[in-house]
Amino acid sequence: MNTKHYVVDREKPDFRILDQAAAVLRQGGLVAFPTETVYGLGANGLDPGAVARIFAAKGRPADNPLILHIADVHEVNKLAARVPANAAALMAEYWPGPLTLVLARTRLVPDAVTGGLDTVAIRLPDSTVARELIRLAGVPVAAPSANTSGRPSPTTAGDVLADLAGRIELVIDAGPCGIGVESTVVDCTTPVPTLLRPGGVTLEMLIATLGEVEVDPALGGENIVPRAPGMKYTHYAPAAPMTLYEGEGGAAAAAVAGEAARLEAAGRRVGAVVSAETALLLPPTVVAAVYGIRGDLDAAAANLYTALRLFDAEPVDVILAESVSEAGLGLAVMNRLRKAAGYRIVHC
Ligand code: TXA
Ligand code: MG
């Protein structure tokens, strides 16, 4: 199969192009498309055969359930058996946007989507291209991130093609995604809603709306069974083993610079995922992937996956990463950095 590549305007996409892509979805094909978070790999979410093709294309374990994407808030009622008041409050405040809600499912939702769970994850994206594509398809669109399982999520159409060219019918290209990390996932089937994956809707925003939020203990480490099945798998892994240096006030920067110099002296090719300030401290032979100015958490989120993918083209033996603050969007960035590092963490 030759993957078609359609370039569209992010704000004013040509509907004739989106309608071609929607027809591919209706016929059971796979369409990668941009959202405000990352690129998704879409299929007709009511067609188990089409959904099975997503798992095959990505090499994704079948017990890792998919998010159903909708274009209109009313579609929730077809897919969710109950919408508790706290879920309704979150939908009113943050949809359309980077927030996925886990709710009790109806029988309309195929087992292939939920991995047999009695819950379903639902999201109404903010991206015009994504919403219009779903609306034209006329069905909920099942879509994980459009990467090979275990790799960093794609934030450009080029990232999608690097992983999935020849395995999917087409990719819609509307340029880089704005947020750059996946949506926040909140389980609304627990008495107090539980944050399963941090993302663009921050923990602070959730608390402002709900008053109280539980945080899945699995977000803190590797030895706890996570409730979002996807969180148990190795994720976001760059091309070489990575160690994350966590510390405040420049301590992580100093540790990364010191370790980089020591490893280079020992003949290793070193990569670094760091702030612009820390890049200045590194030996010039280090391959530096800079995610932004220190403290700019929007930039760190937007650039993180591109930074991790730079080592595909620029091979290194080891990667050293510098932590960011866990405030706001920083919690999502740190969650992805820790997973990308396989929880190899040095506290400094
Ligand atoms: O921003 C995003 O959410 C992107 C774009 C394309 O919308 N999608 C995305 O999908 O990140 P994916 O499949 O890469 O991540 C979905 C996460 C996984 O960790 C999965 O285990 C969890 O949501 N999930 C899905 N259904 C669930 C359910 N019923 N209960 C708990 N977790 C669920
Ligand atoms: Mg993913």
Side-chain angles (χ1 to χ4, degrees), residues 30-43 45 51 54-55 57-70 79-81 94-106 109-127 129-131 133-134 140-155 159-160 163-164 171-172 177-190 193-201 216 218-219 225-237 301 305 332 335-336 339-340:
L30 300 183
V31 174
F33 61 96
T35 80
E36 70 277 22
T37 58
V38 300
Y39 275 73
L41 176 58
V51 170
I54 290 180
F55 288 89
K58 280 180 61 92
R60 179 171 171 120
D63 67 345
N64 189 4
L66 305 178
I67 298 170
L68 287 182
H69 295 68
I70 57 176
L79 306 171
Y94 301 117
W95 276 6
L99 176 67
T100 297
L101 300 179
V102 174
L103 297 165
R105 68 152 155 163
T106 62
V109 180
D111 280 339
V113 168
T114 68
L117 297 176
D118 53 11
T119 56
V120 60
I122 306 175
R123 165 156 128 79
L124 175 56
D126 188 35
S127 147
V129 175
R131 260 205 333 273
L133 173 69
I134 299 162
V141 173
S145 48
N147 51 283
T148 299
S149 202
R151 296 254 302 142
S153 293
T155 54
D159 294 344
V160 173
D163 282 14
L164 298 177
V171 57
I172 303 174
C177 301
I179 295 173
V181 292
E182 304 84 346
S183 64
T184 306
V185 180
V186 177
D187 184 352
C188 292
T189 67
T190 48
T194 307
L195 175 63
L196 301 183
R197 181 175 73 181
V201 172
D216 185 354
L219 296 184
V225 179
R227 300 237 305 273
M231 300 306 273
K232 74 174 180 250
Y233 297 106
T234 312
H235 259 72
Y236 323 119
Y305 290 138
N335 169 258
R336 307 312 191 272
K339 289 182 70 74

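Each ligand, and each atom within it, is numbered from 1 in the order the structure gives. Everything quoted here is computed from the prediction, not taken from an experiment.
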Subject >> Spatial distance of atom CZ (Arg123) from atom CG (Leu68) [nearest 0.5 Å] >> reply: 12.5 Å
Check: [X]/[Y] side-chain N/O donor and acceptor closer than 3.5 Å:
X	Y	value
Ser183	Thr37	no
Ser153	Glu182	yes
Thr100	Arg197	no

Subject >> 4.0 Å heavy-atom contact, Arg105 with ligand 1 >> reply: no
Original post:
Under 3.5 Å, N or O to N or O, is Thr35 touching ligand 1 that way?
Top reply: no
**OP:** Please indicate whether any nitrogen or oxygen in Tyr39 is less than 3.5 Å from any nitrogen or oxygen in ligand 1.
**Re:** no
With a 4.5 Å limit on heavy-atom distance, are the side chains of [X] and [Y] in contact?
X	Y	value
Leu164	Thr148	yes
Trp95	Leu101	yes
Pro34	Ile172	yes
Pro144	Asn64	no

Original post:
Looking at Leu195, Thr194, Leu196, which hits side-chain contact (heavy atoms from CB on, under 4.5 Å) with Val185?
Top reply: Leu196
**OP:** Give the single entry among Pro65, Ser153, Ala146 that approaches atom 33 (C) of ligand 1 most closely by any heavy atom.
**Re:** Pro65
**OP:** From the options Arg60, Arg123, Glu182, select the one whose nearest heavy atom is closest to atom 13 (O) of ligand 1.
**Re:** Arg60
Show the atoms of ligand 1 that are less than 4.0 angstrom away from any heavy atom in [X].
X	answer
Gly40	6 (C)
Ile67	3 (O), 8 (N), 9 (C), 10 (O), 16 (C)
Leu196	31 (C)
Ala143	8 (N), 10 (O)

Is it the side chain, the backbone, both or neither of [X] that has a heavy atom closer than 4.0 Å to ligand 1?
X	answer
Thr119	both
Ser145	both
Asn64	side chain
Thr114	neither

Original post:
Are any N, O or S atoms from Ser145 nearer to the Mg ion (ligand 2) than 2.8 Å?
Top reply: yes
